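Small disclaimer: the values here were computed from a predicted structure and weren't measured. All ligand and atom numbering here is 1-based and tracks the order in the structure.
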Amino acid sequence: MKIGREDFEALIKGEKNITPYLELDPVLGSYSAFGVKTASNPNYMIKAVYEMYEAHLNRKLAVKAMRKLYRSVGAGSLGLYNLLKKFGMDLKPAEFLMLVFKLQHQQGWGAPFELVEASEKKIILRTAHTFESEVMKDWKMSVCGIHMGWIEGVLMAVTGKSWYCLETKCFANGDGCCEFVADQVEPSWKYKAQAIVNGDSAITEFIDHKPLEGTIKLIDDPVVIMPRFVFTSMMNSLKKTMGEMPAGGVNYRAYMDMGKENVEHYKKMGITNPNTLANMAFTFYSQMGWFKIIKMEWDEATKTKTLTLEHTVESEAFGNTGKNVCYCTAGLLAGIVEGAFGIKVQGREIACRSKGNDHCVFTITNKKE
Ligand SMILES: [Zn+2]
Ligand SMILES: [Zn+2]
């Protein structure tokens with residue numbers, strides 16, 4: 001089917017809809033809408049993808065993961081944008097966004113949006129409900145990650161700039177409509193790191209893994225995946241050369257420097273608040289698999305910070321040994337606090353899973369000079 005400028009113009013004006021442009025051939029198993037091969041919208045597939053993410057994240061983060069996934073779908077609209085340009089149609093980003101969702105909506109996908117506000121840096125769209133807000137209604141929260149990502153992807157593709165879209169009202173949350181606010185933003189490390197600390201994103205959203213290139217980046221910083229037995233191997237090798245106690249001391253010292261350097265890096269990225277610096281480091285290491293934080297307490301009288309961790313990388317690697325084993329973690333935690341607050345501290349492990357305790361518990365106290 002040949003589709004030209006006049007077809008798009010009629011569709012934008014509402015003089016036509018996509019019905020005459022649908023071609024269905026059940027025998028060939030082919031279905032196309034507006035000249036593009038397509039497929040129907042199986043609700044169960046959408047639900048399955050949300051639930052796949054939910055299995056590893058919480059629901060809020062699962063919605064964000066959908067957003068990331070659909071950003072790529074939105075970016076795919078660049079082909080249509082270029083085609084329209086070739087026809088001599090120069091649509092503004094908001095107009096193009098409306099056309100994309102009109103085309104999608106008439107096929108049962110995207111929402112029939114109403115344009116509430118459009119400027120160079122802000123676009124607000126509203127619809128009675130999106131299809132995912134109906135499919136995922138039982139979550140009773142803002143669920144429209146598909147549309148958030150889709151909007152971001154379309155806008156990024158056609159403007160070449162970064163956009164951040166938030167859903168401010170959602171049908172699935174009991175609001176009267178789904179409303180999306182898209183802002184053009186400067187992509188920044190600080191912004192993403194803050195979202196991770198606030199629980200609005202998980203680090204997985206910002207991992208850029210190119211296995212065939214041999215590179216992994218976490219928010220633009222190169223990282224590596226390390227097997228957990230590195231900890232037993234390193235400890236055993238140090239023990240052989242210098243004995244157990246000095247080996248523990250060397251590990252403590254080395255990881256303390258690492259913790260401090262890590263915080264220095266965050267400072268260079270523009271984070272200044274000491275509590276944010278410390279929480280950021282704790283959150284990142286936790287999400288990278290080093291430990292799970294059960295609680296953090298502060299005792300004003302003794303000026304002691306107590307951290308209770310469900311598991312540490314070392315206690316998991318060593319298993320039950322009847323002794324405290326978490327020298328690296330103790331050093332790391334102490335180094336983070338030293339770096340963040342600019343003070344000298346002493347970190348101690350007072351209970352350890354490897355010793356048979358339920359959790360690994362660390363105290364961090366001011367060091368007397
Ligand atoms: Zn919604
Ligand atoms: Zn331990």
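The SG atom of C352 and the SG atom of C360 subtend an angle of 110° at the Zn ion (ligand 2), given to the nearest 10 degrees.
No salt bridge links E205 with K192; every basic N to acidic carboxylate O contact stays at or beyond 4.0 Å. Under a 4.0 Å N-O distance rule, the pair K137/E134 does not qualify as a salt bridge.
For F318 and F231, the ring centers sit 6.0 Å or farther from each other. Ring centers of Y191 and Y164: under 6.0 Å apart, within the cut-off.
There is a side-chain donor-acceptor pair under 3.5 Å between T302 and D299. Remark: the K16 side chain and the Y21 side chain contain an N/O donor-acceptor pair separated by less than 3.5 Å.
Among the atoms of E349, an N, O or S atom is found under 2.8 Å from the Zn ion (ligand 2).
If you count the protein N, O or S atoms nearer to the Zn ion (ligand 1) than 2.8 Å, you get 4.
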Does the salt bridge (charged side-chain N to carboxylate O under 4.0 Å, His left out) test come out yes or no for E316 and R353, once each step is laid out? CA-CA 8 Å; E316 293 284 298; R353 290 239 302 174; 2.6 Å; yes
